[in-house]
Amino acid sequence: MEQSINCRFKELLRVLNMNKMQFSKLTGVSYTTVANLFNERQSKPSFDSLVMILKRIDNLNPMWLIFGEGDMFGEYKHSDIESVRNTRRDVAEYAEQLRVLRDQIKVKDRQIERLIGLVGKPKGDRMSLGYSA
């Protein structure tokens with residue numbers, strides 16, 4: 001069974017020999033946020049919290065922390081971090097593209113409604129639509 005990110009945080013604190021308060025002070029992540037990683041709900045850390053932790057704990061492998069891959073500490077490729085950053089940027093770009101498309105669809109819907117108002121709604125039989133049998 002794959003270990004959750006919350007379990008990896010527990011393991012990290014154990015290895016660092018720290019309690020939640022010490023970890024909070026070291027990383028700059030609020031105590032409440034750190035505590036929420038360990039409570040019954042075991043909330044997931046935000047991207048910003050992960051970045052703060054990775055910046056302040058030397059040699060902590062981001063691939064281990066986020067995905068459970070590799071060793072807790074040690075070398076990792078810069079491209080791994082860059083890949084996570086690019087993914088976040090891609091998601092933001094896709095969200096913007098979806099917003100633009102949604103707005104375009106709304107404009108098209110209004111145009112269709114306006115045209116229907118000008119032409120009149122088609123009747124159900126084929127003859128009224130200009131078709132011949």
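Keep in mind it's a predicted model, so treat the numbers as computed, not measured. In what follows, every heavy atom counts, from backbone to side chain, and hydrogens, waters and symmetry copies are set aside.
Met72 and Val15 make their closest contact through CE-CG2, 3.7 Å (heavy atoms, listed as atom of the first residue, atom of the second, distance). When all heavy atoms of Leu26 and Arg56 are compared, the pair lying nearest together is O-CD, 3.2 Å.
In this view, Ser30 and Thr33 satisfy the side chain to side chain donor-acceptor pair (under 3.5 Å) rule, not counting sequence neighbours. The side chain to side chain contact (heavy atoms under 4.5 Å, CB included) test applied to Met21 returns Asn19, Lys25, Tyr31, not counting sequence neighbours. In this structure, the side chain to side chain contact (heavy atoms under 4.5 Å, CB included) partners of Arg99, at least two apart in sequence or on a different chain, are Glu96, Arg102, Asp103. Listed by chain and residue number, Phe38, Gln42 satisfy the side chain to side chain contact (heavy atoms under 4.5 Å, CB included) test with Lys10 (two or more places apart in sequence, or in another chain). With sequence neighbours excluded, the residues satisfying side chain to side chain donor-acceptor pair (under 3.5 Å) with Ser49 are Ser46. Taking the side chain to side chain donor-acceptor pair (under 3.5 Å) definition, one finds that Glu11 meets it with Gln3, sequence neighbours left out. Shown here are the side chain to side chain donor-acceptor pair (under 3.5 Å) partners of Ser24, two or more places apart in sequence or in another chain: there are none. Not counting sequence neighbours, the partners of Asn39 by the side chain to side chain contact (heavy atoms under 4.5 Å, CB included) test are Asn36, Arg41.
When side chains are defined from C-beta on, Ile5 counts as touching Leu50, because their heavy atoms get closer than 4.5 Å. Using a 4.5 Å cut-off on side-chain heavy atoms (C-beta onward), Phe9 and Ser4 make no contact. In this structure, the side chains of Leu16 and Ile57 come closer than 4.5 Å at one or more pairs of heavy atoms. Between Phe23 and Leu12, some side-chain heavy-atom pair lies under the 4.5 Å cut-off.
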Report task. Decide yes or no on side chain to side chain contact (heavy atoms under 4.5 Å, CB included) for Val100 and Gln97, but give the supporting numbers first. Result -> CA-CA 5 Å; Val100 168; Gln97 289 172 355; 5.7 Å; no
Query raised in the report: Trp64 and Glu69: side chain to side chain contact (heavy atoms under 4.5 Å, CB included), yes or no, with the steps?
Result: CA-CA 4 Å; Trp64 174 83; Glu69 297 174 2; over 6 Å; no
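Under a 4.5 Å side-chain heavy-atom cut-off, the cluster of Ile, Leu, Val, Met, Phe, Trp and Tyr residues that includes Val107 has no other member.
At distances below 3.5 Å, at least one donor-acceptor pair connects side-chain atoms of Asn61 with backbone N or O atoms of Asp71. Although no hydrogens or angles enter the test, the distance criterion places a donor-acceptor pair under 3.5 Å between the side chain of Asn6 and the main chain of Ser43.
To the nearest 0.5 angstrom, Leu54 atom CG is 5.5 Å from Ile66 atom CD1. To the nearest 0.5 angstrom, Leu115 atom CG is 10.0 Å from Lys108 atom NZ.
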